[in-house]
Amino acid sequence: MKNTKNILEILSLLIVLILLCFAIFLDLNKKDKDKFDINNDINDAQIEFFKENFDDKIQYYDWENYRNDKYKFGIQIPKEWVTKEYENNIYFGPQNSFSGGGFWGVSVYKISESKKINEIISSTGMQFGDRKEQIININSFVKKIIVTTEEKSDWFSEKYIIYSKDYIYILGNGAIKNNKFEMFFGSFGII
Amino acid sequence: MKKNLFSLLGALLITICLNQVAQAFVFAYEVGDPLLPAGSYHISQYFGQYNSDFSKYHLGEDRNRGTCNDDYGDNVYSIANGTVTYAQNAGSSWGNVVIVQHIILPSFTAVNSLYGHLDSINVSVGQDVSIGQKIGEMGDADGYYECAHLHFEIRNNSSLNTTPGPGYATWSDPLWYYYEDPSDFISAY
């Protein structure tokens, strides 16, 4: 009788464990589905690349052109801003913002480095336990990633990922909401 | 038997003594979460770099991940084993500051590392910390700076154990003798 009771207890425990494992599996599966899969997206991007020419862009009032021949792109920045280049990253901002890394930036990766993009996206806002990621497919060669957190309400990260024939460009807003960042993105072109 | 016992006690005593002085054999970079892609951090203002806002030269290094506030709230780690000698808000352009004293073995020389502009502090004065232990989170000195960053210094004078110092100095200032280039110092260990 005692043996039967023991067996029943073990069986109940096993069932609970199996149900728990199943729940964890479902949760993980859901998280995987939510995750941005750049490797699938790059296939789409390869169908059509960003081809807008920088020289065809409209010149904004009080902004000036920045051209980068090495990475074959151009962009406009407010006139009083300065530029700092650090390896494959180019930072833009007023002089006094540079001890903090500058306001906005363009990071450039080779098409073959597409796996790095996934890492960069998932590390954006990783310091916050409640990070929320939103992916907007603007078209087949431009994606917008927005990451927010409730831990710091004014922390708002916007990144544009642009696929060209040679490079992947990531335009970042430095996690500070600024409507002019859209103009910055709008002025981006290939040279 | 007796000899072995004495040897064991001696070894134990030495171990306790070494732990008491919070020894540091190895120094590591102060930021750089292992979960982040390699090379995520860069130096946005170098040691000795001229800063036009202060019209002086930088006594430390500013470290950043991405642009502006991308790194706001990132963990900041102690560069080596040590004892916290300062952990409070220093006001003005400093914000929250942590200073950790490290004793370098086998020479028993002392240096201290300073972590400035923190958003929050996770340690208290007198606490022993280990290499890689979280001591705070990156911030912008209570909004003093446009963008969050870590101001990081290595100082070789124990009179600076309990003071953040000026952060910048003119070239003729004798203070320079008390400051090390953080990157060079860490690379040497």
Side-chain angles (χ1 to χ4, degrees), chain A residues 81-107 109 113 115-131 145 147-149 151-159 170-178 181 184, chain B residues 31-47 49-76 93 95 116-117 119-120 134 136-141 143-152 167-168:
Chain A
W81 282 21
V82 286
T83 304
K84 194 171 174 182
E85 293 173 12
Y86 178 82
E87 295 177 352
N88 60 326
N89 305 290
I90 302 103
Y91 303 111
F92 307 97
Q95 184 67 49
N96 64 4
S97 73
F98 275 98
S99 57
F103 270 180
W104 300 337
V106 177
S107 300
Y109 298 88
E113 294 176 306
K115 279 185 181 171
K116 274 190 186 170
I117 311 299
N118 231 351
E119 288 182 333
I120 289 160
I121 299 308
S122 56
S123 67
T124 302
M126 66 170 282
Q127 64 268 42
F128 305 111
D130 66 337
R131 77 184 282 280
I145 317 289
V147 180
T148 54
T149 172
E151 286 179 33
K152 187 168 165 52
S153 55
D154 59 346
W155 193 94
F156 183 88
S157 169
E158 262 181 301
K159 288 192 194 304
I170 301 180
L171 278 54
N173 75 336
I176 292 181
K177 196 162 190 166
N178 184 336
F181 183 67
F184 179 69
Chain B
V31 284
D33 196 306
L35 293 172
L36 286 166
S40 293
Y41 288 90
H42 69 277
I43 298 170
S44 53
Q45 192 176 189
Y46 288 90
F47 179 74
Q49 188 173 329
Y50 181 73
N51 187 304
S52 54
D53 289 343
F54 297 93
S55 302
K56 285 180 181 172
Y57 298 85
H58 203 211
L59 287 166
E61 276 179 357
D62 286 344
R63 293 189 163 268
N64 266 97
R65 176 169 67 90
T67 47
C68 210
N69 282 343
D70 281 342
D71 49 12
Y72 201 110
D74 273 10
N75 291 339
V76 175
S93 57
H117 315 326
D119 185 50
S120 61
K134 180 180 174 180
E137 291 175 354
M138 275 168 80
D140 57 5
Y144 183 89
Y145 294 101
E146 300 269 18
C147 303
H149 62 276
L150 176 72
H151 175 89
F152 173 57
Y168 291 88

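Values in this document were obtained by computation on a predicted structure and should not be read as measured data. Letters A, B, ... are given to chains in the order of the sequence lines, protein chains preceding strands, and every chain is numbered from 1.
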Start with the C-alpha gap between B:R65 and A:Q127, add the side-chain angles, then the distance that decides, and say whether side-chain contact (heavy atoms from CB on, under 4.5 Å) holds.
CA-CA 12 Å; B:R65 176 169 67 90; A:Q127 64 268 42; 3.0 Å; yes
CA sep, side-chain torsions, deciding dist, call: B:C68, A:F103, side-chain contact (heavy atoms from CB on, under 4.5 Å):
CA-CA 5 Å; B:C68 210; A:F103 270 180; 3.8 Å; yes
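Atom CD1 of residue A:I176 and atom CG of residue B:D70 lie 9.5 Å apart, to the nearest 0.5 angstrom. The line from OH of B:Y72 to CG of A:D154 is 7.5 Å long, rounded to the nearest 0.5 Å. Remark: B:S52 OG to A:N96 CG distance equals 8.5 Å, nearest 0.5 Å. In this structure, CG in B:N64 is found 10.5 Å from CZ in A:F98, a value given to the nearest 0.5 Å.
Options A:A175, A:S99, A:G102, A:G101 differ in how many heavy-atom pairs under 4.5 Å they form with chain B, and the most are formed by A:S99. Residue with the most contacts toward chain A among B:E146, B:Q45, B:H42: B:H42 (heavy-atom pairs, distance under 4.5 Å).
With a threshold of 4.5 angstrom between heavy atoms, B:Y145 approaches chain A through side-chain atoms but not through N, CA, C or O. When heavy atoms are compared at a cutoff of 4.5 Å, B:D140 does not approach chain A at all. In this structure, chain B has a heavy atom under 4.5 Å from the side chain of A:Q95, while its backbone stays farther away. For B:Y46, the part lying near chain A is the side chain, with the backbone staying farther off; criterion is any non-hydrogen pair under 4.5 Å. With a 4.5 angstrom heavy-atom cutoff, B:D53 touches chain A only via side-chain atoms. Using a 4.5 Å cut-off between heavy atoms, A:W104 contacts chain B through its backbone alone, with no side-chain atom that close.
Distance alone, capped at 3.5 Å, places no donor-acceptor pair between the B:N69 side chain and the A:G174 backbone.
Taking both residues in full, the closest heavy atoms of B:C147 and A:G100 are given as CB-O, 3.5 Å, listed atom of the first, atom of the second, then distance.
The number of heavy atoms from other shown groups lying within 6.0 Å of NZ (B:K134) is above 12.
For residues 85-94 of chain A, the interface with chain B (any heavy-atom pair closer than 4.5 Å) comprises A:Y86, A:Y91, sorted by residue number.
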